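Below you'll find the structure, written out as structure tokens, and then a few comments.
The model shown is predicted, which means the values in this text are computed figures rather than measured ones. Both backbone and side-chain heavy atoms feed into the values below; hydrogens, waters and symmetry mates do not. Numbers here simply count residues along the sequence, with the first being 1.
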Amino acid sequence: MIDHVPPEHDGDSGDQMAEHTYRVMVRGRFTDLDDAGRARLLAEVDRHGVLTNGFSEQGALSYDRALDFFSYRVQFRAEVADDDRAVRDRALGLAARAVEEFGVDFRDLRASATDVDLMKVNRPKRRA
């Protein structure tokens with residue numbers, strides 16, 4: 001759900017803005033890690049494996065023992081717009097908070113969003 005109501009939609013008209021499910025991948029790099037920050041990240045590295053964390057509504061921070069790059073995967077519903085800027089911005093904020101919880105710095109955040117409701121599913125053709 002979107003955290004705000006656009007001014008042109010006051011909710012009283014009965015019209016509902018269309019919502020879709022988005023999956024957003026945020027990527028970034030850890031930067032200026034000190035020994036304490038490194039220790040905090042390494043203490044949790046097994047819970048943040050790249051292969052064990054998928055998309056979820058809670059969001060999932062993933063990184064490896066190299067402590068260089070990280071990714072954050074999140075899935076949520078949001079209003080459909082002409083572009084996905086608001087969706088990407090929301091995910092960037094969530095990713096920043098997830099990394100900041102470890103008390104470490106990051107840089108080069110970038111996000112890519114996929115509207116799951118628009119994905120074409122290729123089903124295998126049945127044989128007669």
Side-chain angles (χ1 to χ4, degrees):
M1 299 248 296
I2 294 295
D3 298 331
H4 67 282
V5 176
E8 66 274 4
H9 181 68
D10 62 7
D12 293 334
S13 65
D15 294 336
Q16 289 289 330
M17 297 295 289
E19 284 191 347
H20 282 192
T21 300
Y22 292 89
R23 286 185 171 181
V24 187
M25 170 75 81
V26 178
R27 292 187 171 98
R29 295 187 79 166
F30 295 115
T31 189
D32 300 328
L33 289 176
D34 60 13
D35 290 340
R38 225 175 251 293
R40 284 190 300 275
L41 289 166
L42 288 173
E44 299 287 328
V45 71
D46 292 334
R47 293 184 47 229
H48 295 277
V50 176
L51 299 178
T52 58
N53 288 325
F55 290 94
S56 70
E57 291 180 5
Q58 298 78 28
L61 179 66
S62 299
Y63 57 89
D64 61 21
R65 292 187 177 281
L67 301 180
D68 190 6
F69 296 94
F70 63 85
S71 65
Y72 181 82
R73 294 178 176 123
V74 65
Q75 176 175 304
F76 53 79
R77 294 193 57 76
E79 289 179 359
V80 176
D82 291 336
D83 65 24
D84 59 8
R85 170 168 258 141
V87 168
R88 287 183 288 123
D89 287 348
R90 180 175 167 187
L92 288 166
L94 293 169
R97 281 192 290 276
V99 175
E100 288 168 349
E101 285 180 7
F102 284 98
V104 298
D105 290 328
F106 57 88
R107 64 184 172 101
D108 302 335
L109 281 187
R110 61 197 178 284
S112 60
T114 301
D115 184 338
V116 178
D117 294 346
L118 297 180
M119 290 176 60
K120 180 180 177 183
V121 177
N122 291 323
R123 301 194 192 285
K125 295 183 179 180
R126 292 184 153 197
R127 293 182 180 166

Nearest heavy atoms of [X] and [Y], plus distance in Å:
| X | Y | answer |
| --- | --- | --- |
| Ala78 | Arg90 | CB-NH1, 4.4 Å |
| Val87 | Phe76 | O-CZ, 3.6 Å |
| Ala113 | Arg88 | CB-CG, 4.0 Å |
| Glu57 | Val74 | O-CG2, 4.0 Å |
| Phe102 | Leu41 | CG-CD2, 3.7 Å |
| Val24 | Ala111 | CG1-CB, 4.0 Å |

Nearest 0.5 Å, please: how far is [atom2] in [Y] from [atom1] in [X]?
| X | Y | atom1 | atom2 | value |
| --- | --- | --- | --- | --- |
| Glu100 | Asp105 | CD | CG | 8.5 Å |
| Met119 | Arg23 | CE | CZ | 7.0 Å |
| Glu19 | Asp117 | CD | CG | 10.0 Å |
| Ser62 | Arg47 | OG | CZ | 11.5 Å |
| Arg110 | Asp108 | CZ | CG | 6.5 Å |

Go through Tyr63 and Leu42 one step at a time and tell me if the side chain to side chain contact (heavy atoms under 4.5 Å, CB included) criterion holds. CA-CA 10 Å; Tyr63 57 89; Leu42 288 173; 6.0 Å; no
Quick check on the hydrophobic clustering: are [X] and [Y] connected, directly or via other members, by side-chain heavy-atom contacts under 4.5 Å?
| X | Y | value |
| --- | --- | --- |
| Leu109 | Leu67 | yes |
| Val116 | Tyr72 | no |
| Phe70 | Leu94 | yes |
| Met25 | Phe106 | no |
| Leu33 | Phe69 | no |

task = Tell me, with the steps shown, if Asp68 and Arg29 meet side chain to side chain contact (heavy atoms under 4.5 Å, CB included).
result = CA-CA 6 Å; Asp68 190 6; Arg29 295 187 79 166; 2.7 Å; yes
Item checked: Neighbour count >12 (heavy atoms, 6.0 Å) for atom CZ, Arg27 -> no
Looking at Asp83, I'd like to know if its CG atom is crowded, meaning that more than 12 non-hydrogen atoms belonging to other residues, nucleotides or ligands lie closer than 6.0 Å.
yes
Should Asp115 and Asp84 be marked as a side chain to side chain contact (heavy atoms under 4.5 Å, CB included) after you check the CA-CA gap, both sets of side-chain angles, and the distance that decides it?
-> CA-CA 9 Å; Asp115 184 338; Asp84 59 8; over 6 Å; no
Heavy atoms, side chains only, cut-off 4.5 Å: are Tyr22 and Leu118 in contact? no
Exercise for review: I would like to know whether Arg65 and Asp46 meet side chain to side chain contact (heavy atoms under 4.5 Å, CB included); could you show each step before the answer?
Suggested key: CA-CA 9 Å; Arg65 292 187 177 281; Asp46 292 334; 3.5 Å; yes
